[in-house]
Trainee: 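What follows is a single structure, and I will ask about it in a moment.
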Amino acid sequence: MDTKNIHATDHSRVIIHIDIDCFYAQVEMIKNPELRNIPMGVQQKNVVVTSNYIARETGIKKCMLLEDALRICPKIVLVNGEDLHDYRQISYKVTTHLQKYSSQVERLGLDENFLDATSLVETKLKSKHENITAKGHIFGNNENNCDCGCQLRLTVGSEIAQEIRDSIRHEFQLTCSAGIAHNKLLAKLVGAKHKPNQQTLLYPNSTCELLYQLQNVVDIPGIGRAMGDMLKNLGVSTIRELQHLNFDKLKFAFGEEKAKLIQNLSNGIDNSPVKSSGKPTSIGLEDSCRNITAIGEVKDKLNQLMNRLMVLVSEDGRIPRTIKLTIRKFDSISKMSNRESRQTNITTSLFTVKSNSIELQQKSAQRLTSTIMTLFTKMVDVHKPYHITLLGLSFTKFLERMNGKSSITSFFRKNVEVQSITNIENKNDLTTSPMECTPFSYDLSGSESEFEPSPKKTKFSKLIAKRRCFEADDCPSPSKLKVADLRLSSAKNVSSDSSDSKNSFSDDNSNSICCPPNVDAAVFKEIPKELQQEVWNDYKREMNEKQEQKLQPVIKKPKTNTLLNYFLKN
DNA sequence: TGGGGTCCT
DNA sequence: AGGACCC
């Protein structure tokens, strides 16, 4: 067997793809049951983004223009779905629920989840060997069996999928569809075969049949418009054509990596793992608008967005450290999606952290607004006429708050019973090297073995835990908890241009990191290099501020919680 | 055509 | 910062 196809016969996993039926519409029908028996759609601006199945019977499709939808189905009742808040909340509840079945649950949008059920299946097979019957539809006519045992595993997978769908229905009154197969691609494709409130099982021997039912290469998830266009230029439009296209031609067009990826996909081969999603890495809002031409309108819209955004941040519970402003300029007819964005770091001290919420006091809100407007002027010359058709704000680089359930103490308690997704760290995140982690997610993230910290990190974690005891541990009043919500990365905050960590080291004439005189040298020695850097930067900044205050004794700067404070000797 | 997200370059 | 992809 040649190495290219070494995975073609690997059917060792059982993947379940769960797709909540017309998700937004279902949520709206839960909120208002009167919508259940009439054609209804969810509207965002001029688009009906989804609809219930009654409306679909009349010919309404996803993402249909309002005009067309009304023409096809004049009776359709439309609900505004521009604020995704409720959808988002229910979506995360469903994902959290799914995590009871497997630690590997990957979100895709708000309405889809992949679940790796392999170990669940193995467990089930050990205790049960009779009455194993496929649940739901089976795709294709299964003539030749595969002898690797996948048949049995996938069959058990279909039983599990049925259980999961039943439980989602009972817990949330939500119907969903599922696909069961040996990889993500196939699970997703086969799940689409029977749609509302059904499930479909694929045995590997029917893979080709499934693939050849697709009309075009862009029907394969992973091949989008850009690649589709390039493939068209290569004379490729069907799956079969992609399967048989000369690999060197494909390689020339896309590079070896991409070429192999998409040709594998065209053969139903997808080795990508189900990646645990954890918390979002960015939280943002957008508002498209007809015609914004005045600076006052811009500020107004941005303030509204910020108010809504703070609700989301507060619910999330982490402190963001960068903000990004996105705009779309009116551009008569050129390419769509011509967005521009600018981002900058922000001080965590902007946020007032209470036990139950995160807020922006007025002064902070004003400061934030002004930094956002600075970003705006980097993209728009406000002295000339302009025309903005979209404004968006989003937060990234979150700092974990180390209290409550996600605290380090609960980490050591090994309290691993199905945590809510909002408390789960990216423990499977292999893309982030330890040195790139923020200091306070450092000890919680990147632990490869389920929930056990690796030996190296334990030492550091214990140090942090000890220090925490000094400050707040025994009396977690809101004011004390605030001490734990540290203000970090002063150096990055000071420099207005976002710079790499490499660059931010050299913002002073002294590049070397020292232990500040007021910090316990033994502790300092044990913490990671980057953390040392932060502490040292805090110290330097404090010294600089003292200098400034000597020059301007009138100005009183509010005392901030710095990382340095955290490590100060008593 | 919306209002989100993720990862890679 | 933008571009690809996903819903």
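Note on naming: letters A, B, ... go to the chains in the order of the sequence lines (proteins, then strands), and numbering restarts at 1 for each one. Remember, predicted model here, so these are calculated numbers, not experimental data.
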Trainee: Can you sort out which residues in residues 289-311 of chain A have a heavy atom within less than 4.0 Å of DNA chain B? Ascending by number, please.
Mentor: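 Residues of residues 289-311 of chain A that come under 4.0 Å of DNA chain B do not exist, since none gets that close.
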Trainee: Just jot down the side chain to side chain donor-acceptor pair (under 3.5 Å) partners of A:Glu82, sequence neighbours excluded, or say none.
Mentor: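 Only A:Asn80 meet the side chain to side chain donor-acceptor pair (under 3.5 Å) criterion with A:Glu82.
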Trainee: Output all residues satisfying salt bridge (Lys or Arg N to Asp or Glu O under 4.0 Å) with A:Lys188, sequence neighbours left out; order by chain, then residue number.
Mentor: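 Applying salt bridge (Lys or Arg N to Asp or Glu O under 4.0 Å) to A:Lys188 gives A:Glu112.
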Trainee: Measure from CG on A:Leu390 to C1' on C:dG2 and round the result to the nearest Å.
Mentor: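 That distance rounds to 15 Å.
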Trainee: For DNA chain B, what residues of residues 69-89 of chain A have any heavy atom nearer than 4.0 Å?
Mentor: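 Heavy-atom cutoff 4.0 Å gives A:Glu82, A:Leu84, A:Arg88.
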Trainee: Side-chain atoms of residues 379-390 of chain A: list all donor-acceptor pairs with protein atoms under 3.5 Å, sequence neighbours left out, distances to 0.1 Å.
Mentor:
unit_1: A:Asp381; atom_1: OD1; unit_2: A:His383; atom_2: N; d: 3.0
unit_1: A:Tyr386; atom_1: OH; unit_2: A:Ile295; atom_2: N; d: 3.0
unit_1: A:His387; atom_1: NE2; unit_2: A:Asn291; atom_2: OD1; d: 3.2
unit_1: A:Thr389; atom_1: OG1; unit_2: A:Arg328; atom_2: O; d: 3.3
unit_1: A:Thr389; atom_1: OG1; unit_2: A:Arg328; atom_2: NE; d: 2.7

Trainee: Compile the donor-acceptor pairs under 3.5 Å between side chains in residues 47-56 of chain A and protein atoms, sequence neighbours left out, one pair per line.
Mentor:
unit_1: A:Thr50; atom_1: OG1; unit_2: A:Arg56; atom_2: NH2; d: 3.0
unit_1: A:Asn52; atom_1: OD1; unit_2: A:Met40; atom_2: N; d: 3.2
unit_1: A:Asn52; atom_1: OD1; unit_2: A:Ile54; atom_2: N; d: 3.4
unit_1: A:Asn52; atom_1: OD1; unit_2: A:Ala55; atom_2: N; d: 2.9
unit_1: A:Asn52; atom_1: ND2; unit_2: A:Ile38; atom_2: O; d: 2.8
unit_1: A:Arg56; atom_1: NE; unit_2: A:Ser51; atom_2: O; d: 3.3

Trainee: Please state how far atom OH in A:Tyr24 lies from atom P in B:dG4, giving the value in whole angstrom units.
Mentor: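 That distance rounds to 8 Å.
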Trainee: Checking A:His194 now: which residues fulfil side chain to side chain donor-acceptor pair (under 3.5 Å) with it, not counting sequence neighbours?
Mentor: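 Checked A:His194 against side chain to side chain donor-acceptor pair (under 3.5 Å); zero matches.
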Trainee: Using the side chain to side chain donor-acceptor pair (under 3.5 Å) criterion, which residues pair with A:Lys193? Sequence neighbours excluded.
Mentor: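 Scan of A:Lys193 (side chain to side chain donor-acceptor pair (under 3.5 Å), adjacent residues dropped) gives A:Gln213.
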Trainee: Sequence neighbours left out, what passes side chain to side chain contact (heavy atoms under 4.5 Å, CB included) with A:Ala117? Give chain and number order.
Mentor: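 Listed in chain order: A:Val14, A:Ile16, A:Leu115, A:Val121.
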Trainee: What is the distance from CD of A:Gln44 to P of B:dG5, rounded to the nearest Å?
Mentor: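 Rounded to whole Å, this separation is 12 Å.
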